[in-house]
Structure formats: C-alpha cells, structure tokens
Novice: 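So that we are looking at the same thing, I have put the structure below in structure tokens.
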Amino acid sequence: MARDCSHVATIRTVRPSALGCEECLLAGSRWVHLRLCRTCGHVGCCDSSPNRHATKHFHATRHPIIEGYDPPEGWGWCYVDEVMLDLNGHTTPQVGPIPRWV
Ligand SMILES: [Zn+2]
Ligand SMILES: [Zn+2]
Ligand SMILES: [Zn+2]
C-alpha cells in the first residue's frame, strides 16, 4: 500500500554540486549509481555503493527527497515516507559528463 509523501512541495530546482558523488570524488572511491538531493543539489551515491553518501547526506541534513541521477531517470525517492515519486519530467539536467572510475 503506497503512502503519500508530504514533502513534494519541498522539491526545488537545484544545481548539482558536483559531476559525480561529491565525497567519492574527493576520496577517490567508487560508486554504483548517483542520487541528487532536491533540497540543496548535493550529489551522492546510492545504497548499492560502498559508501552510501546519499543516505548519509539525508541523515546529516534531513533533506527528504532525492532524484535518480545518472542520467536523470525521472523518479524521486522520499527517505522520510519511503515512497517513490514521479517527478513528472521535472528532472535535473547534468552539468557535464559524469566521471567514471577506470
Ligand atoms: Zn515525503
Ligand atoms: Zn559516494
Ligand atoms: Zn541536501
């Protein structure tokens, strides 16, 4: 049974903070998929990645909604309500090619 998300109104137009996961790029570590915070534009890595920076960003900031972001996939996820959201085309364009590990 799908629950409603009460945070849809907090979704903002953001500029991605980095070309890939901010923390992974700094640390030189890898990620599997990227998640973009729709509150502040933080780019983090998904829960299949070793460092799970998107989830860590949520725990640190309580920013509720992320977007599937490599490339923009058109869906969002609310960490608080644990529901998938349809962004209805309001996805965030990439600012440049996403760097990948070799
Ligand atoms: Zn929500
Ligand atoms: Zn990361
Ligand atoms: Zn954020």
Side-chain angles (χ1 to χ4, degrees):
M1 183 72 189
R3 284 184 291 164
D4 284 336
C5 172
S6 52
H7 308 89
V8 173
T10 71
I11 295 177
R12 292 184 194 156
T13 301
V14 295
R15 183 178 166 79
S17 60
L19 294 178
C21 173
E22 241 181 284
E23 287 94 343
C24 283
L25 285 175
L26 284 174
S29 50
R30 299 175 171 204
W31 65 80
V32 178
H33 294 295
L34 295 174
R35 303 290 179 250
L36 174 72
C37 173
R38 289 301 298 264
T39 302
C40 73
H42 172 270
V43 182
C45 48
C46 72
D47 283 354
S48 304
S49 307
N51 296 299
R52 301 179 181 181
H53 285 124
T55 298
K56 283 180 186 165
H57 177 74
F58 163 69
H59 287 300
T61 61
R62 315 307 293 180
H63 294 163
I65 293 176
I66 45 114
E67 171 182 347
Y69 185 62
D70 55 334
E73 290 163 342
W75 57 266
W77 170 258
C78 177
Y79 282 112
V80 178
D81 297 306
E82 300 187 318
V83 289
M84 297 285 295
L85 307 167
D86 184 350
L87 295 175
N88 294 315
H90 297 293
T91 54
T92 308
Q94 293 172 352
V95 290
I98 289 176
R100 286 283 174 178
W101 59 85
V102 215

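Note that the coordinates shown come from a computational prediction; the quantities given were computed from them, not determined experimentally. Along the sequence shown, residues are numbered consecutively beginning with 1. When a ligand or atom number is given, it counts from 1 through the structure's own listing order.
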Novice: Side-chain contact test, heavy atoms from C-beta onward, threshold under 4.5 Å: evaluate it for V14 versus C37 and give yes or no.
Specialist: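 The answer is no; the side chains never approach within 4.5 Å.
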Novice: Are any non-hydrogen side-chain atoms of E22 and H42 less than 4.5 angstrom apart?
Specialist: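 Of all side-chain heavy-atom pairs linking H42 with E22, at least one is under 4.5 Å.
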Novice: Could you tell me whether the side chain of D70 reaches within less than 4.5 Å of the side chain of C46, counting heavy atoms only?
Specialist: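 No, too far: nothing below the 4.5 Å cut-off.
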Novice: Within the supplied structure, the quantity of interest is the number of heavy atoms (other residues, nucleotides, ligands) at a distance under 6.0 Å from R15 CZ; does it exceed 12?
Specialist: no
Novice: Taking the Zn ion (ligand 2) as the centre, count the protein N/O/S atoms lying under 2.8 Å from it.
Specialist: 4
Novice: Check whether any side-chain heavy atom of N51 sits under 4.5 Å from a side-chain heavy atom of W31, and report yes or no.
Specialist: no
Novice: Over all heavy atoms of both residues, which pair between T91 and P72 is shortest? Give the atoms and the distance, please.
Specialist: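 Between these two residues, the closest heavy atoms are CB-CB, 3.8 Å.
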Novice: Determine yes or no for a side-chain-to-main-chain donor-acceptor pair under 3.5 angstrom, with E67 supplying the side chain and T92 the backbone.
Specialist: yes
Novice: For R12, does its backbone N or O pair with a side-chain atom of R38 as donor and acceptor, under 3.5 Å?
Specialist: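 Yes, because the side chain of R38 sits within donor-acceptor range (under 3.5 Å) of the backbone of R12.
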Novice: Quick check: of its N, O or S atoms, which one does D81 have closest to the Zn ion (ligand 1)?
Specialist: OD2
Novice: For the residue pair L34 and I98, establish whether any side-chain heavy-atom pair is separated by less than 4.5 Å.
Specialist: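 In short, these two side chains touch, coming nearer than 4.5 Å.
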Novice: Grouping I, L, V, M, F, W and Y whenever their side-chain heavy atoms are under 4.5 Å apart, do L25 and V95 come out in a common cluster?
Specialist: no
Novice: If you have a sec, read the angle at the Zn ion (ligand 1) from C5 atom SG over to H7 atom ND1, to 10 degrees.
Specialist: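 Taking the Zn ion (ligand 1) as the apex, the two atoms subtend 120°.
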Novice: What protein atoms of element N, O or S are positioned under 2.8 Å from the Zn ion (ligand 3)?
Specialist: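 Protein N, O or S atoms closer than 2.8 Å to the Zn ion (ligand 3): C37 SG, C40 SG, H57 NE2, H63 ND1.
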Novice: Mind checking whether the Zn ion (ligand 1) has an N, O or S of D4 under 2.8 Å?
Specialist: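 No, since none of the N, O or S atoms of D4 sits under 2.8 Å from the Zn ion (ligand 1).
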Novice: Between Q94 and Y69, is there a side-chain heavy-atom distance shorter than 4.5 Å?
Specialist: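 Side-chain contact under 4.5 Å: yes.
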